[in-house]
Structure formats: structure tokens, C-alpha cells
Protein chains: 2
Amino acid sequence: MDEEKILTPAHEDYVKAIYMLYSRGVEVTNSALANQLKVAPASATNMVKKLSDLGLVTYEPYQSIALTPAGELVALEVLRHHRLLELYLHDKLNLPWEMVHEEAERLEHVLSEALEDAIAAALGNPTVDPHGDPIPTKDGKVESVAGLALSLAELKHPYTIVRVLLQDAERLIYLGAMQLYPNATVTVLKRAPFDGPLLIEVDGEHHALAHDLAECIIVK
Amino acid sequence: MDEEKILTPAHEDYVKAIYMLYSRGVEVTNSALANQLKVAPASATNMVKKLSDLGLVTYEPYQSIALTPAGELVALEVLRHHRLLELYLHDKLNLPWEMVHEEAERLEHVLSEALEDAIAAALGNPTVDPHGDPIPTKDGKVESVAGLALSLAELKHPYTIVRVLLQDAERLIYLGAMQLYPNATVTVLKRAPFDGPLLIEVDGEHHALAHDLAECIIVK
DNA sequence: ACCGCGGAATAGGCATGGCTAAATCTTAAC
DNA sequence: GTTAAGATTTAGCCATGCCTATTCCGCGGT
Ligand SMILES: [Mn+2]
Ligand SMILES: [Mn+2]
Ligand SMILES: [Mn+2]
Ligand SMILES: [Mn+2]
């Protein structure tokens with residue numbers, strides 16, 4: 001019934017990328033996938049066909065790509081590894097939040113079930129990673145994080161950051177310098193027109209925040 | 001001066017295997033290497049030639065193989081990763097000592113310098129792993145562990161275990177059941193002739209221990 | 001209905017790291 | 001000194017995953 005598992009890191013990264021695109025509401029085209037993974041379009045076509053043979057994605061030439069239930073389970077398992085690792089590296093080994101993504105990107109593929117469990121236990125079975133991204137459960141459930149983008153927040157009203165939708169190290173360092181971490185309290189004081197920057201207050205300090213960055217900060 | 005680093009996990013495992021054989025006093029022949037890594041002799045020949053091109057081993061056809069100073073540094077770096085990981089998994093994540101080797105075998109290849117440092121710091125810059133194997137320093141020094149095999153120990157004299165020269169999970173479980181861990185106190189009560197089993201006392205219990213296992217237990 | 005353009009699939013290569021089978025070298029025994 | 005066994009190397013293959021260049025679809029605009 002359940003298929004053999006001979007998935008390489010490449011398989012896992014493709015499946016995860018398909019899941020990420022899909023969950024972000026992007027249509028999963030061959031080029032979107034190739035772009036996400038920084039590979040040539042031909043490489044993506046090639047791997048998608050293999051994943052189709054493995055029963056992990058549905059694929060018809062020239063159609064957009066989707067995960068099968070089996071594929072989604074694989075994606076969620078890898079994502080669970082990734083986010084557990086990010087949180088562990090951040091909380092227990094004190095790596096800064098801008099470093100954990102890259103590190104977890106490699107470690108996620110070599111985690112045994114036993115080590116996954118040990119890490120989850122050591123963290124007290126957490127539900128979100130250092131960026132506020134939800135950690136899938138072992139049986140493949142993810143809770144969606146409720147909230148709105150800081151760019152849409154009401155003025156002069158304190159909000160709590162629940163998630164930061166970025167992995168780029170440079171930008172995370174920049175946000176970190178302003179203490180814009182999950183659980184921080186932030187207030188939008190002014191909003192410039194034409195999608196201009198926001199004047200915000202965090203930790204008693206005022207900062208100007210670009211609109212595209214504010215869109216990545218989810219608050220409640 | 002110093003070469004580019006584009007070493008794959010395969011390169012690292014070969015270099016480490018050469019180091020292990022050499023340090024165990026075994027002549028590093030092609031077949032010993034192939035045997036150690038569970039690959040065909042032709043595969044070993046092939047990789048050894050690549051390592052020679054990379055300046056990591058000295059190689060002449062039909063001669064025995066040796067690491068160059070550069071190769072030895074690579075081996076010690078990988079070994080440091082391996083043993084730090086073993087200790088971390090054992091002490092901080094409570095994995096049993098028979099599981100840590102296999103886990104570290106994969107993780108050792110994807111450890112960044114920053115994570116290596118964080119792990120070493122979290123452990124207080126330790127010098128030995130859960131099997132008593134010495135952990136190389138960052139600049140590539142290993143202290144040799146002094147001691148003698150339990151099979152050669154004086155009778156009725158308490159010794160402290162300092163090292164267990166095994167990675168095989170089955171045997172480690174067996175020894176663990178008798179509390180034969182590093183730092184345990186063990187006394188040899190009798191020794192059967194013709195390399196027969198030893199009667200030992202650990203933790204107030206008496207056990208018969210096969211001679212070949214006793215040879216793997218280093219005491220002081 | 002036709003065209004053309006961009007996206008997608010194919011064709012053909014390359015590097016890596018395995019393998020088996022067939023030479024070939026070493027060495028130890030006679 | 002020959003010779004044969006065993007170790008080693010070579011030759012030739014294969015799967016994986018990536019690439020570039022080329023061909024092929026399919027759709028929107030005319
Ligand atoms: Mn990855
Ligand atoms: Mn994250
Ligand atoms: Mn390894
Ligand atoms: Mn060890």
C-alpha cells in the first residue's frame with residue numbers, strides 16, 4: 001500500500017517547494033518551480049516527471065503541478081523537520097534567526113525519526129518556529145496563522161507580531177536590529193501614501209519601514 | 001595557497017576512513033578501504049585517484065595509501081564534527097550511545113562552522129565523545145587516550161573504563177546492559193585460558209565477557 | 001483562421017559516485 | 001626463475017541531477 005521511501009534531498013526540496021508555492025497561493029507552474037529552486041526549467045520538468053512516477057505529484061504536460069495527498073505528506077514532513085530545526089538552533093544553540101533557515105535547509109534531509117522526536121520533545125512540542133511559521137504535526141496537520149499584514153494595520157494601535165514571512169538573511173538582520181521579532185509589540189504611527197514607507201514604533205523607538213517589508217510582517 | 005573546498009560527503013567519508021584505518025595501525029590498502037566503506041574495490045581506486053588530484057592523499061598505483069597533511073586536516077575536521085555530534089546527541093538529546101554513530105555519520109557532512117562552534121560551546125568544549133573517543137581540536141590536534149585493553153587487565157583490581165572501541169549498535173546495547181560505559185568501574189575476577197571469556201564485576205553484578213569484546217574496552 | 005511569443009518539453013551533455021567484468025601487476029610459493 | 005593467486009587497475013555501464021540548445025505547444029491578438 002504505502003510506497004517505498006527512497007527520496008533524495010532533491011526530491012524533498014522539490015516537493016517542499018511545490019507545497020510552499022501552492023500554500024502561498026501561487027499557481028505552481030514549471031517556471032515558478034524552477035525559479036523557486038534556482039534551477040533551469042528543464043531540470044524542473046525532469047524532476048516533476050520523476051515525482052509523478054513516484055505518485056507524489058499530479059502532472060500532465062503543459063498543465064500546472066499539484067501535490068497528491070502522498071506528496072503533501074512528504075512536504076509536511078520535510079517542513080516539520082525544517083521548522084523544528086530552525087527553532088532548536090535558535091532556542092537551544094543560540095543561532096541568530098537569520099542563520100537558521102540556511103542551516104535547516106541542509107539538516108532537514110538527514111534527520112532520523114528518532115532525532116526529530118528528540119528535538120520536538122526537547123522543545124516541548126512547539127507549534128511555531130522563530131519566524132512564526134507553524135510547525136506541522138507528525139501526522140501532517142498545519143494550523144494557519146491568523147493575522148493581517150502590518151501594512152494594513154490600524155494606525156496608533158498596538159499589535160503583536162505573529163509571523164515574519166522572510167528567509168533572506170540581510171532583511172532579517174535589518175528587522176532584528178529594530179527588534180521586529182515575533183511577539184514584539186509594534187504600533188504604526190503614520191502611513192505614507194502611494195505604498196510608501198510606514199512610521200512605526202517598536203520598543204520605544206521610531207523607525208521608517210518600507211512598505212514591501214511591512215507586507216511581510218503579520219500582526220494581530 | 002590553501003585549496004578551494006568543494007568536498008562532497010563521499011570525499012569526506014573516504015578521507016575519514018583512510019584516517020581511521022591508519023590510526024588503527026592497519027595498512028591502508030585499496031581493499032581495506034573498500035571494505036571499510038562497503039564499496040567495490042574499483043570504486044575505492046576511483047575515489048583515491050580523485051583525492052590524489054585534490055592533494056589530500058599520496059597515491060601511486062599498487063602502493064598503499066596515505067593522507068597528506070592537508071588530507072589529515074580534513075579527516076580531523078570531519079572527525080571533530082562526528083564526535084561533537086555524537087556527544088551532543090547523547091548528552092543533550094538523550095539518544096542512547098548505540099544510536100549516535102549512525103546519526104552523526106550523516107550530520108557530520110552538513111555542519112557549518114558556526115553550528116560546530118555552537119555545539120562545542122554548548123558542551124563546554126569537551127575532549128571525548130560518548131565512547132571515550134577523543135575529539136580533535138579545531139586546529140587539528142588529537143590527544144591519544146592512554147590505557148590498556150580490559151583483556152590484559154590485572155585480576156581483582158578495579159579499573160575505570162576510558163574508551164570503548166566499537167560502533168556496532170548491537171554490541172553497544174549489549175555492553176550498555178551491563179553498564180559497561182566510559183567512567184564505569186570494572187574488575188576482572190577470572191580469565192579463562194585460550195583467549196576465553198572473562199569473569200567481570202560491574203556495578204556489583206558478575207558477568208561473563210567474551211575475549212574479543214574485552215579487547216575493545218580500554219581501561220585505566 | 002492565423003501568427004507569434006513565451007512557457008514547456010525534448011535532445012544531448014556533463015560530473016558524480018556507484019557497479020561488474022576483464023586486464024594487469026605483485027608477490028609468494030615452488 | 002616460473003608461475004599462479006590475489007590484489008589492483010582499467011574499461012565500460014548505470015542512475016542521479018544538473019545544464020544548454022532546440023523544438024514544440026497553446027494562447028492572446030489580429
Ligand atoms: Mn533542503
Ligand atoms: Mn521559518
Ligand atoms: Mn559520514
Ligand atoms: Mn564515537
Side-chain angles (χ1 to χ4, degrees), chain A residues 3-18 21-22 26-67 71 74-75 78 105-106 108-110, chain B residues 3-22 26-67 71 74-75 78 105-106 108-110:
Chain A
E3 295 82 39
E4 304 303 316
K5 271 191 187 182
I6 23 153
L7 299 183
T8 64
H11 291 128
E12 295 184 346
D13 279 337
Y14 273 90
V15 168
K16 193 178 63 162
I18 293 168
L21 288 172
Y22 173 77
V26 179
E27 192 194 353
V28 187
T29 61
N30 193 270
S31 46
L33 184 55
N35 183 60
Q36 171 91 358
L37 288 164
K38 310 274 176 67
V39 297
S43 306
T45 304
N46 187 46
M47 182 59 92
V48 166
K49 275 198 260 185
K50 287 185 200 167
L51 294 176
S52 174
D53 291 344
L54 289 168
L56 300 177
V57 310
T58 57
Y59 164 73
E60 289 300 324
Y62 300 101
Q63 305 292 123
S64 64
I65 300 153
L67 292 177
V74 170
V78 180
E105 199 58 54
R106 299 186 309 270
E108 61 189 0
H109 308 293
V110 297
Chain B
E3 295 82 40
E4 304 303 316
K5 271 192 189 181
I6 21 156
L7 299 183
T8 65
H11 290 128
E12 294 183 346
D13 279 339
Y14 273 90
V15 167
K16 193 178 61 162
I18 294 168
Y19 179 88
M20 297 299 274
L21 288 172
Y22 173 77
V26 179
E27 191 194 354
V28 187
T29 61
N30 192 270
S31 46
L33 185 54
N35 183 59
Q36 170 91 0
L37 288 165
K38 311 272 177 67
V39 296
S43 305
T45 304
N46 186 46
M47 181 58 92
V48 166
K49 276 197 259 184
K50 287 184 200 168
L51 293 175
S52 174
D53 292 344
L54 287 168
L56 300 177
V57 309
T58 56
Y59 165 73
E60 290 299 325
Y62 299 100
Q63 305 293 124
S64 62
I65 299 152
L67 291 177
V74 170
V78 179
E105 199 58 53
R106 299 186 309 270
E108 63 189 359
H109 308 292
V110 295

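Just the heavy atoms: all of them, side chains too, but no hydrogens, waters or symmetry mates, feed the values below. Throughout, a chain's letter reflects where its sequence line sits, starting with A, and its residues are numbered from 1.
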Residue met sooner reading DNA chain D from 5', once S43(A) and Y62(A) are mapped to nucleotides: S43(A)
Taking any heavy-atom pair under 4.0 Å as a contact, classify A44(A): base, sugar-phosphate, or nothing. nothing
With a 4.5 Å cut-off on side-chain heavy atoms, are K49(A) and T45(A) touching? yes
Are any side-chain N or O atoms of H109(A) and backbone N or O atoms of R106(A), one a donor and one an acceptor, separated by less than 3.5 Å? no
Below the 4.0 Å mark, does dG17(C) have OP1 or OP2 next to a side-chain nitrogen or oxygen of K50(B)? yes
Is T8(B) close enough to dT16(C) that one of its side-chain N or O atoms is under 4.0 Å from OP1 or OP2 there? no
Show, in sequence, the C-alpha distance, side-chain angles and deciding distance for L51(A) and I18(A), and conclude whether the side chain to side chain contact (heavy atoms under 4.5 Å, CB included) test is met. CA-CA 11 Å; L51(A) 294 176; I18(A) 293 168; 4.3 Å; yes
Whole-Å gap separating P (dC18(D)) and CG (L33(A)): 11 Å
In whole angstroms, the gap separating P of dG26(D) from CG of N30(A) amounts to 15 Å
Students often get this wrong, so: under 4.0 angstrom with heavy atoms, is A40(B) touching a base, only sugar-phosphate, or nothing? base
Think Y14(A) has a side-chain N or O under 4.0 angstrom from the OP1 or OP2 of dT16(D)? no
Assign P61(B) to base, sugar-phosphate, or nothing according to its heavy-atom contacts below 4.0 angstrom with the strands shown. sugar-phosphate
Roughly how many Å is it from OH in Y59(A) to P in dG7(C), rounded to a whole number? 16 Å
Return the value, rounded to whole Å, for the distance between atom NZ of K49(A) and atom P of dG17(D). 15 Å
Looking only at side-chain N and O atoms, does H11(B) come under 4.0 Å of OP1 or OP2 in dG17(C)? yes
Expressed in angstrom and rounded to an integer, what is the separation of N46(A) atom CG from dG12(C) atom P? 15 Å
Exactly one candidate in L56(B), V78(B), L54(B) meets side-chain contact (heavy atoms from CB on, under 4.5 Å) with V15(B); the answer is L56(B)
Please check the phosphate of dT9(D) (OP1 and OP2 only) for any side-chain N or O of T45(B) closer than 4.0 Å. yes
Whole angstrom is fine here: how far is it from NZ in K38(A) over to C1' in dC18(D)? 16 Å
Separation of E12(B) atom CD from dG17(C) atom P, in whole Å? 11 Å
Which whole-number value in Å describes the distance from I65(B) CD1 to dA7(D) P? 14 Å
Would one find more than 12 heavy atoms of other residues, nucleotides or ligands at under 6.0 Å from atom OH of Y59(A)? yes
Scan S31(B) against the nucleic acid and name what it touches under 4.0 Å (heavy atoms): base, sugar-phosphate only, or nothing. sugar-phosphate
